Colleague: 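Okay, here's the structure, questions in a sec.
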Amino acid sequence: MTSSRSGGDRESRIRDIQSLLASNLQFRRFRPELEEGFIAHVRDRAQRLSRDSLWITIIMYLVTAVLGLWQVDRFSDPVYRDGNLAAMAWLLVVEGFLLAFVLSIPYLPGRERFYRLYASFSSGGAVGVLFYGASLFPEPYFNVFISYVVILATVVTYGVAGLVTRHTAVACLAAVLLAIAAIRSQGLWLDLGYLLAYGGLANAIGILLSFLLESRDRVTFLQSQLLALEKDRLDEYAAEVEQLSRQDALTGLANRRCFDETVTREWGLACRRQESIAVIFLDVDFFKPYNDTYGHPAGDAVLRQVGRALAATVGRPADLAARYGGEEFVVLLPDTDLDGAHAIAERMAAAIAALAIPHGRSAVAERITVSMGVAATTPTPDSVCGELIDAADQAVYAAKAAGRNRIVTAA
Ligand SMILES: Nc1nc2c(ncn2[C@@H]2O[C@H](COP(=O)(O)OP(=O)(O)OP(=O)(O)O)[C@@H](O)[C@H]2O)c(=O)[nH]1
């Protein structure tokens with residue numbers, strides 16, 4: 001029940017994804033459940049990137065810091081040198097702090113819940129602070145230089161923030177506006193047109209690139225989801241085929257193949273533990289005349305009823321009732337001695353008698369009866385399970401020869 005429901009759910013998800021892929025609208029938002037999965041996928045990739053590039057990012061930051069300070073020191077007009085150095089130092093410290101925050105996101109507690117907030121704060125913060133920094137230098141040359149860095153950093157931020165485009169855009173544009181407000185409120189170097197132009201350009205390029213990447217990512221994400229769902233479907237089919245290959249189609253009991261595998265395994269276990277193992281063979285009496293009289297479908301129904309009765313009689317998890325072929329059944333009873341197996345055989349005979357299936361052509365009763373052969377042994381390393389099965393089989397022949405409708409125990 002559960003499996004068919006989840007199977008139905010999976011099939012509808014497969015259809016949904018296939019139609020999304022065919023519709024060529026992958027860059028649109030998915031429906032909520034899929035969108036959640038996509039956002040998690042983007043986040044996981046960014047966090048892997050952040051983890052994998054931890055040391056290289058720290059080294060690059062330190063190299064940039066040293067080069068930046070050296071450049072300001074070397075190329076500053078002496079009049080502005082101290083102010084320029086102070087601005088650069090401020091910028092490096094604040095950006096360094098934000099970078100440390102970004103790199104620590106994968107290790108922060110509760111990051112699942114607050115990831116979007118963390119990532120928006122650090123992405124927007126990095127862009128906004130740099131933007132603000134581009135007005136901080138007393139010497140305009142450095143402000144212009146930093147504004148080029150802002151364009152570069154903004155574009156990179158759109159690529160690595162680990163957010164979908166719309167979230168990065170909100171964070172970065174809000175940060176730029178806040179930075180402009182801060183610049184204006186402090187009366188710093190400001191050409192509003194220039195700031196808006198390069199801030200706008202940086203974000204426009206970032207949004208475009210991020211949008212193109214996101215469209216491709218959405219397709220890749222859908223394909224990976226489809227693959228996972230199809231693999232799940234194949235696994236389920238394989239499990240069903242495996243189950244069917246071990247089941248008798250008519251009675252639903254284990255089939256001969258399953259019995260052969262199980263008896264070999266249980267024989268080995270019984271040998272190791274030095275426990276007795278028992279087998280009951282069971283053959284429906286006068287079944288050919290039954291078929292001839294009542295027809296094959298009625299004969300099939302009898303086999304199904306007998307199978308159900310046998311399955312209901314054996315109780316332990318390791319017991320196995322199987323259809324051996326035709327109108328023959330076999331029951332495997334691990335950790336059972338001859339007396340115990342005989343008692344179970346009697347219960348089976350009683351259960352089949354209780355079915356009270358009329359059989360007008362039986363020479364021994366007016367209902368369906370069975371002949372049973374019971375054998376049990378404690379295996380030794382040089383014995384084989386075929387001997388036990390043969391013994392039970394011979395006992396069935398003996399039961400038939402002795403008049404049917406009885407249980408014979410192997411000597
Ligand atoms: N309806 C039905 N009959 C089957 C099936 N498999 C085997 N049989 C029939 O079972 C009958 C077995 O006949 P026999 O081996 O002579 O055994 P019997 O008539 O029960 O005679 P005894 O075992 O000596 O009592 C044959 O007629 C088979 O066709 C099955 O799946 N369905």
Side-chain angles (χ1 to χ4, degrees), residues 240-263 278-314 319-333 338 341-376 385-411:
E240 264 170 37
V241 168
E242 166 68 13
Q243 158 81 4
L244 287 176
S245 75
R246 297 164 63 81
Q247 199 177 37
D248 172 54
L250 178 70
T251 60
L253 292 183
N255 63 12
R256 168 101 179 244
R257 177 180 161 210
C258 178
F259 172 78
D260 288 344
E261 284 172 11
T262 312
V263 77
V279 160
I280 303 173
F281 254 84
L282 185 148
D283 189 295
V284 181
D285 296 326
F286 301 111
F287 197 56
K288 184 170 174 358
Y290 187 92
N291 268 332
D292 295 344
T293 310
Y294 300 96
H296 243 258
D300 286 349
V302 168
L303 295 177
R304 275 196 289 267
Q305 279 179 281
V306 169
R308 272 201 295 276
L310 297 184
T313 311
V314 291
D319 295 345
L320 181 79
R323 184 173 175 210
Y324 203 66
E327 82 306 8
E328 275 185 310
F329 294 86
V330 62
V331 178
L332 175 69
L333 302 165
L338 201 57
H342 192 271
I344 291 174
E346 280 178 336
R347 272 183 8 221
M348 287 174 175
I352 289 163
L355 293 174
I357 304 166
H359 187 349
R361 300 270 310 278
S362 169
V364 293
E366 288 178 349
R367 53 176 175 77
I368 285 283
T369 58
V370 294
S371 298
M372 285 189 256
V374 184
C385 63
E387 293 165 14
L388 177 68
I389 294 167
D390 282 348
D393 199 28
Q394 291 304 317
V396 177
Y397 277 113
K400 293 272 179 199
R404 300 182 177 83
N405 188 23
R406 69 195 59 223
I407 302 166
V408 168
T409 305

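Scope of the values below: all heavy atoms of this structure, side chains included, with no hydrogens, waters or symmetry mates. This structure is a prediction, so every number in the text was calculated from the model and none was measured. We count ligands from 1, going down the list as the structure has it; atoms in each ligand are counted the same way.
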Colleague: Just which atoms of ligand 1 are under 4.0 Å from any heavy atom in Gly326?
Modeller: 6 (N), 7 (C)
Colleague: Short N/O distance, under 3.5 Å, between Pro289 and ligand 1?
Modeller: no
Colleague: May I ask you to say whether Arg304 pairs ionically with Asp300, meaning some side-chain N is under 4.0 Å from a carboxylate O?
Modeller: no
Colleague: Taking the side chain as everything from C-beta on, heavy atoms only, tell me whether Met372 gets closer than 4.5 Å to Met348.
Modeller: yes
Colleague: At the 4.0 Å heavy-atom cut-off, does Arg304 count as touching ligand 1?
Modeller: no
Colleague: Using heavy-atom distances only, which candidate in Val370, Leu303, Val396 approaches atom 30 (C) of ligand 1 most closely?
Modeller: Leu303
Colleague: Please report the closest heavy-atom contact between Val408 and Ala398, naming both atoms and the distance.
Modeller: CG1-CB, 4.0 Å
Colleague: Name the closest protein heavy atom to atom 5 (C) of ligand 1, giving the residue it belongs to and the distance to 0.1 Å.
Modeller: Arg323 NH2, 3.7 Å
Colleague: List the closest protein heavy-atom neighbour of atom 25 (O) of ligand 1: residue, atom name, distance to the nearest 0.1 Å.
Modeller: Phe286 N, 2.7 Å
Colleague: Under 4.0 Å from a heavy atom of Gly299: which atoms of ligand 1 are those, numbered in the order shown and with their elements?
Modeller: 1 (N)
Colleague: Identify all side-chain donor-acceptor contacts of residues 350-366 below 3.5 Å with residues at least two apart in sequence or on another chain.
Modeller:
residue: His359; atom: ND1; partner: Arg361; partner atom: N; Å: 3.3
residue: His359; atom: NE2; partner: Phe286; partner atom: O; Å: 2.7
residue: Arg361; atom: NH1; partner: Thr293; partner atom: OG1; Å: 3.0
residue: Ser362; atom: OG; partner: Val364; partner atom: N; Å: 3.2
residue: Ser362; atom: OG; partner: Ala365; partner atom: N; Å: 3.3
residue: Ser362; atom: OG; partner: Ala365; partner atom: O; Å: 3.3

Colleague: Going by the order shown, which atoms of ligand 1 are within less than 4.0 Å of some heavy atom of Asp283?
Modeller: 23 (O)
Colleague: Starting from atom 19 (O) of ligand 1, locate the nearest protein heavy atom and write down its residue, its atom name and how far away it is, to 0.1 Å.
Modeller: Lys288 N, 2.7 Å
Colleague: Taking the six-membered ring for Trp, are the ring centroids of Phe329 and Tyr324 within less than 6.0 Å of each other?
Modeller: no
Colleague: Can you report which non-hydrogen protein atom sits closest to atom 22 (P) of ligand 1, along with the distance?
Modeller: Lys400 NZ, 3.4 Å
Colleague: Hey, which atoms in ligand 1 end up nearer than 4.0 Å to a heavy atom of Asp285?
Modeller: 20 (O), 25 (O)
Colleague: Mark up the atoms of ligand 1 that fall under 4.0 Å of a heavy atom belonging to Asp300, in ascending order.
Modeller: 1 (N), 2 (C), 30 (C), 31 (O), 32 (N)
Colleague: Report the part of Asn291 (side chain from C-beta onward, or backbone N, CA, C, O) that has a heavy atom under 4.0 Å from ligand 1; answer both or neither where that applies.
Modeller: side chain
Colleague: What protein heavy atom lies closest to atom 24 (O) of ligand 1? Include the residue and the distance to one decimal.
Modeller: Arg404 NH2, 3.1 Å
Colleague: Starting from atom 15 (O) of ligand 1, find the nearest protein heavy-atom neighbour and note its residue, name and distance.
Modeller: Glu327 OE2, 3.6 Å
Colleague: Do you know which two heavy atoms are closest between Val284 and Val370, and how far apart they sit?
Modeller: CA-CG1, 4.1 Å
Colleague: Between Leu250 and ligand 1, is there a nitrogen or oxygen pair with a distance under 3.5 Å?
Modeller: no
Colleague: Do Asp285 and Glu327 pass the side-chain contact (heavy atoms from CB on, under 4.5 Å) test, and can you show the C-alpha distance, the side-chain angles, and the key distance before you say yes or no?
Modeller: CA-CA 9 Å; Asp285 296 326; Glu327 82 306 8; over 6 Å; no
Colleague: Between the side chains of Ser371 and Asp283, does any donor sit under 3.5 Å from an acceptor?
Modeller: no
Colleague: Do any N/O atoms on His296 end up under 3.5 angstrom from N/O atoms on ligand 1?
Modeller: yes
Colleague: What protein heavy atom lies closest to atom 20 (O) of ligand 1? Include the residue and the distance to one decimal.
Modeller: Phe287 N, 2.6 Å
